[in-house]
Structure formats: C-alpha cells, structure tokens
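Since the structure comes first, as structure tokens, the remarks are kept for the end.
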Protein chains: 2
Amino acid sequence: MDQTTRIVRAFEDAGYQTTPSRRLLAELVAGSRGHFSAADLLDRARQRRAKVGRATIFRALELLTSLHVVERLDLPNRSHAYVMCDPDEHHHHLVCSRCGRSVDVADGELARLVDEIGRRNGYRIETHRLELFGICPLCAGTGAAAAVAADRGGPA
Amino acid sequence: MDQTTRIVRAFEDAGYQTTPSRRLLAELVAGSRGHFSAADLLDRARQRRAKVGRATIFRALELLTSLHVVERLDLPNRSHAYVMCDPDEHHHHLVCSRCGRSVDVADGELARLVDEIGRRNGYRIETHRLELFGICPLCAGTGAAAAVAADRGGPA
DNA sequence: CCCCGGATGAGACTGAGTATCAGGCAAGCC
DNA sequence: GGCTTGCCTGATACTCAGTCTCATCCGGGG
C-alpha cells in the first residue's frame, strides 16, 4: 500500500472520518520529499486549485502528529517543520540540512545513555529528543544540482 | 564574580557597550531560577518599573545566545524558552519539566554515538541537539509545594 | 434517505519575533 | 569637562505560525 493510503488508513483506524480534505492532505504529505511546513502544504494545495482552509491543515497535522504518522521537527534555524515517519517505534530524526529529507534513527544505545545521564543528575527522565542535522549522501554526492532537484515538496 | 557580572562581562569582552538596559537584562537573566521567555523578562522588568522595550529584550537575548551565555530550548509543549548555561563547552540540557531548572550535560559519549549514526546512514553530520526532560531531584523530593516555591522567575 | 455529530472554511485573534526609524547616550578624543 | 560619532534604544508597525469561533456542510450509521 502506498504512503497516501497508509495515511488515510491511519485516520480511519483511529476512528476519524475520511473526508476529501483529509484525503488531499494525505496526498500532499505523502508526496513531500523532505520536511514540510503547514504553509508548504497550503501552497501546494492552492497550486492544485484545491480549496482547503488553513485551520484544516493545522488540524490534520495535529491529528497526524498525535497518530505518530508525522512528527514535528525544530530546525536549527529556529523554524519548524513536519516529517513523515515510522509510527511504530520510538526513534529520532537525521535530517538533511540541504534537501530536508529525513531518516528515522532507532533509539538504540541512546536510551541507555539518557538513563545514565538522568541517574547521574538525580532526574527522573520523562522524555528526550535527539535531532541530527547534516548533509545526506545524495546532496553530498552530486552537489548542488541534485540538491535542488531533490528539493522539498516535489510533485505532490 | 556573580552571574550578573559574568553576563555584563560577556558583553564587554565581545566589544559591546555596557548600557543600563543590558545591565538590567543581565540581572534579570541571572536572577532566573529556571528557563525563561522574553515575555517573562519583560514582565519582571515591568514589575521593577524599569522601562525597557520588547525589541531590546529580543536583541539582548539574541546577543547572549550568540555569545553562548544563554541557549534557546524547544520545549516539548512546542513553546520555547532560554536558559543560562556554560559558554565554554558543547553540551546539552537536562530540564525539569516542573520548575524549569536546567542542568548542563557534557556531550561525552554522545559524540561517538552521533558520529556512528551519521556514518551508518552516509550523512555528514553538522550539528546535533539532545534535550532531556524530567523531574529534578528538588521537585521529586519535596513534592508540589517545593516545585511551586522553586518556580521559574523568582525574585529578580 | 434522514439525521446529527464530527469536519470544514473564513476570518478574527494571539503571541513570538522582526523591521524601521528617529532620538538618546556610551565612550573615545581632545 | 565638552564634543562627536556611531552604537543602542523604545515605540510602533509588521509578519508569520498557530489558535479560536462559528455558521455551514457532509460522511456514514440507522
């Protein structure tokens, strides 16, 4: 099943209605190459001449976030964006600072490290967040041209 | 030398003027118990009947951030705040989700882990960020009362 | 096919942060 | 101590992401 369907399915499984707006949003999210913002989605919706309200986009992103279909990133440049990701296990993101593509990284050893840091400081750790930023193999390998081609928000 | 002086000194050392506004801001920042926002500082300035513009606060925080005297945190509840911290080495923050107090945590093993994750995925890692949230010993030990007493933004 | 609660879009609102600009003042110079 | 210069400041307008409200709409169970 393709990404769009996976997202629509996630809505259904959680007991939410399947509506044209949500289907559209699912397509837009699934068609994103890297991370994207609510404004990106709105733009792409407008490009398709689809009529969807800003509020609806924020509501859908909020839902998808709570369903762990997407996650919110805080980028180093103090803006933020969403990325699609694996809903099944706790993980972190390795984000390309050029094209925005993101790889899910399993928590692995980190859990142990986090635990130890907490213990050493007497804190009871509740949550942690690790975000890694760098240049992905694609952007590194083929230079700026590929980076542009791979730019975020490709054909929806 | 106390924290206020340390901050004022940081301005001077970097070649910036020492002005009443900056001195005030230094005091407010130094007097913060945990993390704080620009709005918090503005409130506390007003409480002292000190006249300082919003823009000035943001400018000072921006400077202090660039001097690594404070750092910006992205809190789990999607808001953000600043904390004072050690300007001398790369580190992360362990933040109390109740009182906002923050402990600097040396990078240590993490660097190795980050490096390995990058290598495994073919990324050239540029920066990373780790943020830990939990309950500090003070809040855990003495319950809600102490947590309130220790609340952020104590006597400036 | 009807009904109703969930979903929607428009638009007002908020709060953090930025830009602009005229006036103020720190600090080096004499 | 006065002068000058350029950094610094406060007020204010603005932007941008996200939220709230509310009248209307419509998916889907009965």
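Labels below follow one simple rule: chain letters A, B, ... track the order of the sequence lines, proteins then strands, and each chain is numbered from 1.
Taking atom OH on B:Y16 and atom C1' on C:dC25, their separation rounds to 19 Å, with Å as the unit. Computed from coordinates, the B:H80 NE2 to C:dG15 C1' distance equals 9 Å when rounded to whole Å. A straight line from CG of B:L41 to P of C:dG15 spans 17 Å, rounded to a whole angstrom. Atom P of nucleotide C:dC25 and atom CZ of B:R23 are separated by 15 Å, given to the nearest angstrom. Between B:Q17 atom CD and C:dA27 atom P the separation is 6 Å, expressed in whole Å. Residue A:L42 contributes atom CG, which lies 14 Å from atom P of C:dG11 at whole-angstrom precision. Spacing between atom CG of B:N77 and atom C1' of D:dA17 amounts to 15 Å, rounded to whole angstrom units. Taking atom CG of A:D74 as the reference point, atom P of D:dG18 lies 10 Å away to the nearest angstrom.
Comparing atom distances between the A:A55 side chain and each of C:dG17, C:dA16, C:dG11 picks out C:dG11 as nearest. Distances from the side chain of A:T56 to the nucleotides D:dG18, C:dA16, C:dG9 place C:dG9 closest. Comparing atom distances between the A:R78 side chain and each of D:dT19, C:dG17, D:dT9 picks out C:dG17 as nearest.
Residue contacts for A:R22: at a heavy-atom cut-off of 4.0 Å it reaches the sugar-phosphate backbone alone, with no base atom in range. Counting non-hydrogen atoms under 4.0 angstrom, A:T18 reaches the backbone sugars and phosphates but no base.
A donor and an acceptor atom, one from each side chain of A:T18 and A:E12, are located under 3.5 Å apart. For the residue pair B:E126 / A:S97, a side-chain donor-acceptor distance below 3.5 Å is found, with atom types taken as modelled. Side-chain contact, B:H128 with B:D107: a donor N or O sits under 3.5 Å from an acceptor N or O. In this structure, a donor-acceptor pair under 3.5 Å is present between the side chains of A:S32 and A:R44.
At C:dA16, none of the side-chain N or O atoms of B:S37 fall inside 4.0 Å of OP1 or OP2 (strictly under the cut-off). Remark: A:T19 is not in phosphate contact with D:dC26, judged by side-chain N or O atoms under 4.0 Å from OP1 or OP2.
For B:R59 and D:dG10, a side-chain-to-base donor-acceptor distance below 3.5 Å is present, hydrogens and geometry of angles not being considered. On a pure distance criterion of 3.5 Å, no polar donor-acceptor pair joins the side chain of A:R54 and the base of C:dG9.
Mapping A:P20 and B:G15 onto DNA chain D by nearest heavy atom places B:G15 closer to the 5' end of the strand.
Not less than 6.0 angstrom separates the ring centroid of A:H80 from the ring centroid of A:H35.
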